Amino acid sequence: MFTDNEQEKIQIAVFPVAGFGTRFLPATKSTPKEMLPVVDKPLIQYAVEEAYDAGIRNMVFITGRSKWSITEHYDFAYELETELEKRGKKEFMTIVDRIRPRDMNVMFIRQERAMGLGHAVLCSEPIVRNRPFAVLLADDLIYNHYGIQVLKQMCAIYERNQQGVIGVQTVPYEHTHRYGIITAGSRLDDRTYRIEDIVEKPAVEEAPSDLAVIGRYILPGRIMQILANTQTGAGGEIQLTDAIKVLLKDKTILAYRFEGERYDCGDKLGYLQANVQMGIHNRDFGEDFKEYLRSLDL
Ligand code: UTP
């Protein structure tokens, strides 16, 4: 399952999907927010495709209560597949096949209590062990409409530097209280910085910068030992940001200002924006959709 060059390439992606999604109630009462569709695909599928496109074949989902539909989405649907084959529906068979390519491994670990993102990541330790790995938060839909997808961009940086990489984006200062915010140190290039410090959800007057951590990480396996010793922080949860802060004491971690559009699909407005943007860029009906939008008397 894992090859020997584990130092050079990222082989595991972790998808924490055990959160409550309270900002998206009532839809998320029984439906995981990661299964909400943007145009025609659930959010989780965008994230998994991004990881697959970056060369990763081992997908680890950290699930919780009411998340069974994610497991179903990544299981083989024997009846559906047989039926489509019998009816000669090739086009639909391809759509179903693409969800889970044959060379992709999927693994599920249950986070029994939603004790925070850091805790969710720690749940993947029995699989990740001491290997470097990627973390993707599917509710951050990030799409580069014009080129290479973001995790692939980040894997290239990891492979060049053999150092952890965290995806960041500039945000308005009045929004810093929603994110982990980094203090950027020296630059490697226009988009890549060494991280000096990181703080979870600072108030605007305490924010060290406007560079916010967005849901894409490449982390060294060492973070697991740190997470195991991390106490609950902001919101009574085990925060990944707190563990990264400790990691920075003995490892260089890079911040990368990625190329791509990010839509916060854990938030209702962000989700609507994602649907409009992905609709506009849709190859089959994008032009018709634009036409429709233009016709609206707003
Ligand atoms: P969020 O902060 O977006 O939390 O978590 P949430 O609970 O999903 O959403 P709200 O704030 O209640 O609306 C960031 C990511 O971490 C996962 C979530 O599923 C999401 O992808 N997560 C969070 C877990 O897997 N477990 C947790 O205990 C907390």
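Both ligands and their constituent atoms are indexed starting at 1 by order of listing. Remember, it's a predicted structure, so these values are computed and weren't measured experimentally.
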Can you check whether Thr22 has an N/O within less than 3.5 Å of an N/O in ligand 1? yes
Is it the case that Lys201 places NZ or CZ above or below the six-membered ring of Tyr179, under 6.0 angstrom from the centre and within 45 degrees of the axis? no
Which word best sums up how the rings of Tyr271 and Phe24 line up, parallel for under 30°, tilted for 30 to 60°, or perpendicular for over 60°? perpendicular
Got an N/O contact under 3.5 Å between Glu237 and ligand 1? no
Among all protein heavy atoms, pick the one closest to atom 11 (O) of ligand 1 and tell me residue, atom and distance. Arg23 NE, 3.3 Å
Is any N or O atom of Gly19, backbone or side chain, closer than 3.5 Å to an N or O atom of ligand 1? yes
For Tyr146 and His281, take the angle between the two ring planes, folded into 0 to 90°, and tell me which bin it lands in: parallel under 30, tilted 30 to 60, perpendicular over 60. perpendicular
So the atoms of ligand 1 within less than 4.0 Å of a heavy atom of Ala114 turn out to be 28 (O)
Using a 4.0 Å heavy-atom cut-off, say whether His119 meets ligand 1 through its side chain, its backbone, both or neither. neither
Contacting atoms of ligand 1, where contact means under 4.0 angstrom from a heavy atom of Glu34: 19 (O), 21 (O)
Between His145 and Tyr143, is the ring centre distance below 6.0 Å? yes
Can you tell me which residue among Lys33, Arg23, Arg178 is in a salt bridge (Lys or Arg N to Asp or Glu O under 4.0 Å) with Asp264? Arg23
Tell me whether Leu117 has any N or O atom under 3.5 angstrom from an N or O of ligand 1. no
The protein heavy atom nearest to atom 7 (O) of ligand 1 is Phe20 N, 2.9 Å
Looking only at heavy atoms, is any part of Met115 under 4.0 Å from ligand 1, and if so is it the side chain, the backbone, or both, or is it neither? backbone
Atom 14 (C) of ligand 1: closest protein heavy atom, distance to 0.1 Å, is Leu137 CD1, 4.1 Å
Distance to 0.1 Å, residue and atom name: give those for the protein heavy atom nearest to atom 26 (N) of ligand 1. Gln111 OE1, 2.7 Å
Phe133 side, atom CZ; Tyr158 side, atom OH - distance, nearest 0.5 Å: 11.0 Å
Quiz question for you: does at least one protein heavy atom lie closer than 4.0 Å to atom 2 (O) of ligand 1? no
Is there a side-chain contact between Ile99 and His73 in this structure, where contact means two heavy atoms from C-beta onward sitting under 4.5 Å apart? yes
Polar contact flag for Gly116 and ligand 1 (N/O pairs, less than 3.5 Å): yes
Of Pro16, Ala120, Ala18, the one whose closest heavy atom lies nearest atom 20 (C) of ligand 1 is Pro16
Closest non-hydrogen atoms of Leu80 and Val96, given as atom of the first, atom of the second and distance, are CD2-CG2, 4.0 Å
Give the numbers and elements of all ligand 1 atoms closer than 4.0 Å to a heavy atom of Val17. 19 (O), 25 (O)
Distance-only, no hydrogens or angles: does the Thr31 side chain make a donor-acceptor pair with backbone N or O of Thr28 under 3.5 Å? no
Nearest to atom 5 (O) of ligand 1, what protein heavy atom do you find, and at what distance? Lys33 NZ, 4.7 Å
Counting heavy atoms not belonging to Tyr292, are there more than 12 under 6.0 Å from its OH? no
Interatomic distance, NZ@Lys245 vs CD1@Ile198, rounded to 0.5 Å, equals 8.5 Å
Is there a heavy atom of Gly21 sitting under 4.0 angstrom from any atom of ligand 1? yes
